[in-house]
Protein chains: 2
Amino acid sequence: MAAAAHLFNQRGYDATSMRDIAREAGMLAGSMYYHFPSKDDLIIATYEEGTRLISEAVLEAINGVTDPWERLDRAAAAHMETLFGGNNFSILLCGDISRTAPALRIRLVEIRDSYDELFNSLIEALPLPDDVDPTLLRLSLLGSLNWSSSWYRPGGQTPEQIGSFFVRLLRDGLKDKS
Amino acid sequence: MAAAAHLFNQRGYDATSMRDIAREAGMLAGSMYYHFPSKDDLIIATYEEGTRLISEAVLEAINGVTDPWERLDRAAAAHMETLFGGNNFSILLCGDISRTAPALRIRLVEIRDSYDELFNSLIEALPLPDDVDPTLLRLSLLGSLNWSSSWYRPGGQTPEQIGSFFVRLLRDGLKDKS
DNA sequence: TTTTCCCCCAAACAAACGTTTATTGCAGTG
DNA sequence: CACTGCAATAAACGTTTGTTTGGGGGAAAA
């Protein structure tokens, strides 16, 4: 599964063959069918592991914190740290689900929705103006965070700083106050 | 090219075969090699057409507008409207570039960067606090906007409304002012 | 020692892939 | 009439794909 996650990240699902994964895992392609009944099942398993890991990290980060904005801030920072912290599973969540085969997509969307629910509850807890749709707010934040997988490179700001920054943007706004 | 863009959107690059595209265009697979030297070249051509169309739409939307925030608002609305307005080319820009083969990726990143530059100039024109990195701000906004391709379905708010809303979030913020 | 069970290998399968090749109407032009 | 270039067909190329099959080795249980 580690080999699969690594290659899925590097080249995507379609461009990664069972033989590629098997080679990196030190076995032959056919041997994998002892552990997983199909390639789709292997994909789903890595995707599930990714959401498990990131859910764990976020839940731990907000544990004991009570202020709603502070909770969202910690959650975003932990989200980003997990994405780029070296674990090859979680960042699969940033992959392009909408263009995979329908049968597989349905399963993956299901899994991702279960994680999004976590952010949903964090946002519902915020004291928001009446004319702000919490769902759109969540999608905006998750978009900012997850889109980072297409541009983030180590060296500049840390993932946590970036996550916190995005939350601060939403909370404080940018209109010139001078 | 229209057939290619349609199928690329529906199933992604790898899962779309030259035979699929040819069938939708009313010819045979080999016939396409008269018009495009390779599949990669066809991909690049559709991607380029997508950025051309969306650039045009955004430039026209901000034409004559002078207030910097108003310009960004119109740009975001036009961006979203073009993505979901029925043209099958522009939404390819929301695709997952980072996991395509390196040779192709380099070309696509180049093209997308040329479009991002447009938003860059819009953001540089804003009156921003000193501690806000304009680059991160642009990536946050483009993340919110482009991530919409993974969840947007017609029926709720229009694409323009969503784009404007995301800009308003950044400008005004959400901190409770009561 | 014999049996069982887990894990993997080796080889093959049909199908699908991007691409190449030779050929064919078909339009216009001198 | 002959010739030229365009745009497509039909068929095949070699390779790669996900998956299946039958078998074997080695450790643990009987």
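No experiment lies behind these values; they were computed from the predicted model shown. Quick note on labels: first sequence line is chain A, next is B, and so on, each numbered from 1.
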- Note on the structure: Residues in residues 36-43 of chain B with a heavy atom under 4.0 Å of DNA chain C, by number, are B:Ser38, B:Lys39
- Spell out, as yes or no, whether a donor-acceptor pair under 3.5 Å connects the side chain of B:Lys39 to the backbone of B:Tyr13. yes
[X]: which residues meet the salt bridge (charged side-chain N to carboxylate O under 4.0 Å, His left out) condition with it, sequence neighbours left out?
| X | result |
| --- | --- |
| B:Glu70 | B:Arg74 |
| A:Arg11 | none |
| B:Asp96 | B:Arg99 |
| A:Arg52 | A:Glu49, A:Glu56 |

Could you list the donor-acceptor pairs under 3.5 angstrom formed between side-chain atoms of residues 76-84 of chain B and any protein atom two or more places apart in sequence or on another chain?
{"from": "B:His79", "atom 1": "ND1", "to": "B:Tyr115", "atom 2": "OH", "distance (Å)": "2.6"}
{"from": "B:His79", "atom 1": "NE2", "to": "B:Asn146", "atom 2": "OD1", "distance (Å)": "2.9"}
{"from": "B:Thr82", "atom 1": "OG1", "to": "B:Ala78", "atom 2": "O", "distance (Å)": "2.8"}

Gap separating the [atom1] atom of [X] from the [atom2] atom of [Y], nearest 0.5 angstrom:
| X | Y | atom1 | atom2 | result |
| --- | --- | --- | --- | --- |
| A:Ile54 | A:Ile91 | CD1 | CD1 | 9.0 Å |
| A:Asp67 | A:Ile62 | CG | CD1 | 12.5 Å |
| B:Tyr47 | B:Leu93 | OH | CG | 4.5 Å |

- Could you list all the side-chain hydrogen bond (donor to acceptor under 3.5 Å, both in side chains) pairs where at least one residue sits in residues 100-114 of chain A, not counting sequence neighbours? none
- Query: Considering only heavy atoms, which members of residues 7-25 of chain B lie under 4.0 Å from some atom of DNA chain D?
  - Reply: B:Arg19
- Task: Any chance you could list the contact pattern along nucleotides 3-10 of chain D? Use B for base contacts, S for sugar-phosphate-only contacts and - for none, protein heavy atoms under 4.0 Å, 5' to 3'.
- Result: ---SBSBB
- Query: Taking 5' to 3' order, which nucleotide of DNA chain C is first and which is last to have an atom within less than 4.0 Å of a heavy atom in chain B?
  - Reply: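 The contacted stretch runs from C:dC17 to C:dT20.
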- Item | side chain to side chain contact (heavy atoms under 4.5 Å, CB included) involving A:Glu117 - partner list, sequence neighbours excluded | A:Asn120
- Item | salt bridge (Lys or Arg N to Asp or Glu O under 4.0 Å) contacts touching residues 119-146 of chain A (sequence neighbours left out) |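 Qualifying pairs: A:Asp131-B:Arg168.
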